[in-house]
Amino acid sequence: IIVKFFIPFLVGSLIFFSLVVAPTTFINLDQKNARVFIRNIFPKIYLWSHILSLIVGLLIIFYELILGLIVLLVSFGFLFSRQYLVKWINAVSDIKVKNKKQKKKFEFLHTLSVVIFISQIVCLSTIYFYI
């Protein structure tokens, strides 16, 4: 029963962040403050998501091994994004004048982060209906 609460709670918070918090930040804050805010909030949302999905994965693994392992993979995707991907994106973003290669690298890393994030939402949502 707790898993049936945690999964939509997590998915809802991820969607809220994506559709409300991030766009509102860029609309209402100047570039400097938006950058500071986003750089502070992303690691927190990833840590929050990692911990919550780790708990869900550990609870599900006793019910259904494969689903539990998928949620644990999703959980470690959040950790990977927090520990590595955000830092790589920020490093490229900090370069004042980017050449073509650096611009492509930023686009690739940002697209990768979006694809991971969306696939995590899809996986969690799908697993919710299987439990």
Original post:
Would you call Leu72 and Leu58 a side-chain contact if the rule is heavy atoms closer than 4.5 Å?
Top reply: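 Leu72 reaches Leu58 side chain to side chain.
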**OP:** Please tell me if the side chains of Leu47 and Pro43 come closer than 4.5 Å, counting only heavy atoms from C-beta onward.
**Re:**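 Not in contact.
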When hydrophobic residues are tied together by side-chain contacts of less than 4.5 Å, even through go-betweens, does [X] share a cluster with [Y]?
X: Leu54; Y: Ile61; answer: yes
X: Ile2; Y: Val74; answer: yes
X: Val3; Y: Ile51; answer: yes
X: Phe62; Y: Val71; answer: no
X: Leu73; Y: Leu79; answer: no

If you round to the nearest 0.5 Å, how far is [atom2] of [Y] from [atom1] of [X]?
X: Ile55; Y: Ile60; atom1: CD1; atom2: CD1; value: 12.0 Å
X: Ile121; Y: Thr126; atom1: CD1; atom2: OG1; value: 11.5 Å
X: Gln102; Y: Asp94; atom1: CD; atom2: CG; value: 11.5 Å
X: Ser75; Y: Leu124; atom1: OG; atom2: CG; value: 9.5 Å
X: Phe78; Y: Gln83; atom1: CZ; atom2: CD; value: 14.0 Å
X: Leu29; Y: Phe37; atom1: CG; atom2: CZ; value: 7.5 Å

**OP:** Return yes when atom CG of Leu65 has more than 12 non-hydrogen atoms of other residues, nucleotides or ligands closer than 6.0 Å, and no otherwise.
**Re:**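 Yes, CG of Leu65 has more than 12 neighbouring heavy atoms, counting only those of other groups under 6.0 Å.
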Closest approach of [X] and [Y], non-hydrogen atoms and distance?
X: Gly77; Y: Gln120; result: C-NE2, 3.3 Å
X: Lys98; Y: Val92; result: CE-O, 3.1 Å
X: Arg35; Y: Ser93; result: NH2-OG, 2.7 Å

Subject >> Derivation of the ring pair (Phe, Tyr, Trp, His ring centres under 6.0 Å) call for Phe80 and Phe76 >> reply: CA-CA 6 Å; Phe80 170 78; Phe76 286 101; over 10 Å; no
Quick one: side chains of residues 108-119, donor-acceptor pairs under 3.5 Å with protein atoms, not counting sequence neighbours, listed by atom name and distance.
from, atom 1, to, atom 2, distance (Å)
Thr111, OG1, Glu107, O, 2.7
Ser113, OG, His110, O, 2.7
Ser119, OG, Val115, O, 3.1
Ser119, OG, Ile116, O, 2.8

Side chains of residues 4-24: which donor-acceptor partners sit under 3.5 Å, not counting sequence neighbours?
from, atom 1, to, atom 2, distance (Å)
Lys4, NZ, Tyr128, O, 3.1
Lys4, NZ, Ile131, O, 2.9
Ser13, OG, Phe9, O, 3.3
Ser13, OG, Leu10, O, 2.7
Ser13, OG, Trp48, NE1, 3.2
Ser18, OG, Leu14, O, 3.0
Thr24, OG1, Val20, O, 2.5

